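Written below as structure tokens is the structure these notes are about.
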Amino acid sequence: MAEPTKKLKKPDVKIVLLGDMNVGKTSLLHRYTERKFKDTVSTVGGAFFLKQWGPYNISIWDTAGREQFHGLGSMYCRSAAAVILTYDTTSWQSYVELEERFLSLTDTANADCIFAIVGNKADLTDSHAQASNPEGEEGTEPARLSFSSSSLQRKQVNKEDAMALYRRVLHYKGLDEKACLPAESMCFETSAKTGYNVDVLFETIFDLVVPSILKKRNEGESSTVDLEAPSTAKRTKAGCCA
Ligand SMILES: Nc1nc2c(ncn2[C@@H]2O[C@H](COP(=O)(O)OP(=O)(O)OP(=O)(O)O)[C@@H](O)[C@H]2O)c(=O)[nH]1
Ligand SMILES: [Mg+2]
């Protein structure tokens with residue numbers, strides 16, 4: 001006999017990748033979801049990936065960095081629980097653009113939206129990132145990466161710059177730095193090419209948005225219709241008033 005149809009899973013929460021064209025947003029998402037670095041074409045509009053994280057469904061939105069799609073950005077950010085502001089560590093301009101062009105798009109995000117600042121392409125500037133070999137990767141063992149120090153490029157944006165931007169983002173949002181997640185833990189340098197720090201980035205954010213999901217559920221705003229959701233959800237973090 002046929003099993004009862006399981007209803008479609010609905011995202012519990014939304015995470016958005018923002019940043020200039022060519023910084024590697026799509027590549028980061030590919031690396032995380034497909035464990036690969038593969039050719040990309042510049043994103044048109046936006047696309048999302050649904051990630052199951054424990055009993056929760058998280059949508060990760062990849063947006064287009066190209067100026068012509070700029071108008072769509074605030075739509076993608078609507079009700080976002082986390083925004084990943086991405087720059088290219090070899091491009092100062094991509095860092096500047098985050099504040100000049102992308103930050104205002106986050107006005108439509110949740111009031112308690114979490115921000116991460118991500119400097120991608122660390123493999124181009126950092127020998128450690130070049131040699132990184134994420135677990136379970138096929139075809140990316142260090143021997144095949146065959147980089148030499150001569151392939152390193154000048155790093156244009158340092159972690160300190162990223163941390164300074166993080167503080168300015170909090171200021172822009174009218175948030176008290178002391179009450180927010182610290183800059184050191186919310187600024188990441190990554191390489192979609194080698195996988196360096198990519199899992200850490202996404203999974204840190206997944207853990208951080210769980211309270212936002214639980215809060216939403218407690219407020220009864222929306223509940224998923226996922227028939228598979230186990231009853232052992234991490235409710236301990238919710239501080240719910242059972
Ligand atoms: N060396 C290196 N190259 C990267 C890395 N990430 C992305 N790239 C390259 O950078 C280029 C742009 O990558 P995408 O992922 O398409 O960039 P994007 O931010 O999605 O760009 P838009 O969709 O136009 O906004 C591609 O040629 C990638 O192969 C990385 O970590 N290291
Ligand atoms: Mg893209």
Side-chain angles (χ1 to χ4, degrees), residues 14-49 59-77 80 82-106 116-134 137 139-142 144-159 162 165 187-202 205:
K14 175 157 88 167
I15 297 172
V16 183
L17 280 156
L18 283 185
D20 205 358
M21 64 179 286
N22 213 39
V23 297
K25 301 176 295 297
T26 302
S27 302
L28 282 168
L29 200 50
H30 281 166
R31 166 58 76 186
Y32 183 68
T33 58
E34 299 177 38
R35 326 305 295 161
K36 276 191 228 152
F37 181 64
K38 57 183 203 186
D39 288 343
T40 54
V41 285
S42 188
T43 304
V44 172
F48 83 96
F49 176 83
S59 61
I60 312 167
W61 282 84
D62 176 25
T63 62
R66 274 195 279 165
E67 184 87 53
Q68 70 191 100
F69 297 111
H70 194 64
L72 298 174
S74 49
M75 184 184 85
Y76 289 122
C77 287
V83 171
I84 302 175
L85 293 168
T86 316
Y87 62 90
D88 169 352
T89 50
T90 67
S91 162
W92 180 258
Q93 190 55 34
S94 71
Y95 168 82
V96 171
E97 294 281 319
L98 285 179
E99 213 165 350
E100 291 192 347
R101 200 150 68 85
F102 293 96
L103 184 54
S104 62
L105 301 179
T106 68
I117 313 286
V118 174
N120 189 40
K121 306 197 185 180
D123 59 284
L124 295 176
T125 61
D126 179 337
S127 52
H128 172 66
Q130 285 194 351
S132 154
N133 180 27
E137 284 315 314
T140 56
E141 59 272 26
R144 288 180 62 175
L145 287 171
S146 68
F147 289 107
S148 70
S149 55
S150 61
S151 64
L152 292 179
Q153 291 184 21
R154 194 170 80 81
K155 189 171 187 176
Q156 293 197 7
V157 189
N158 290 312
K159 187 93 179 263
L165 173 60
C187 296
F188 301 81
E189 289 186 342
T190 59
S191 168
K193 183 163 188 168
T194 67
Y196 174 68
N197 253 347
V198 175
D199 287 359
V200 173
L201 163 68
F202 284 106
I205 294 173

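As the structure lists them, so they are numbered: ligands from 1, and atoms in each ligand from 1. For clarity, every value in this text was computed on a predicted model and none was experimentally measured. This chain uses plain numbering: 1 for the first residue, then up along the sequence.
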Can you tell me if Thr63 uses its side chain to pair, donor with acceptor, with the backbone of Leu17 under 3.5 Å?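 The answer is yes, because a donor-acceptor pair under 3.5 Å joins these two groups.
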
Supply the atom-to-atom distance Asp88 CG to Ser94 OG, rounded to the nearest 0.5 angstrom. 5.0 Å

Nearest 0.5 Å, please: how far is OG1 in Thr190 from NZ in Lys121? 10.5 Å

Determine the minimum heavy-atom distance between [X] and [Y], stating which atoms define it.
X      : Y      : result
Leu18  : Cys77  : CD1-SG, 3.8 Å
Ala64  : Thr43  : CB-O, 3.1 Å
Thr40  : Thr26  : CG2-CG2, 3.9 Å
Val157 : Glu189 : O-OE2, 4.2 Å

With sequence neighbours excluded, residues passing ring-ring contact (aromatic ring centres under 6.0 Å, His included) with Phe102: His70

Those residues at least two apart in sequence (or on a different chain) that pass ring-ring contact (aromatic ring centres under 6.0 Å, His included) with Tyr95 are Tyr87, Trp92

Under-2.8 Å protein N/O/S neighbours of the Mg ion (ligand 2), ordered by chain then residue number: Thr26 OG1, Thr43 OG1

Neighbouring residues of ligand 1, heavy-atom cut-off under 4.0 Å: Asp20, Met21, Asn22, Val23, Gly24, Lys25, Thr26, Ser27, Phe37, Thr40, Ser42, Thr43, Ala64, Gly65, Asn120, Lys121, Asp123, Leu124, Ser191, Ala192, Lys193

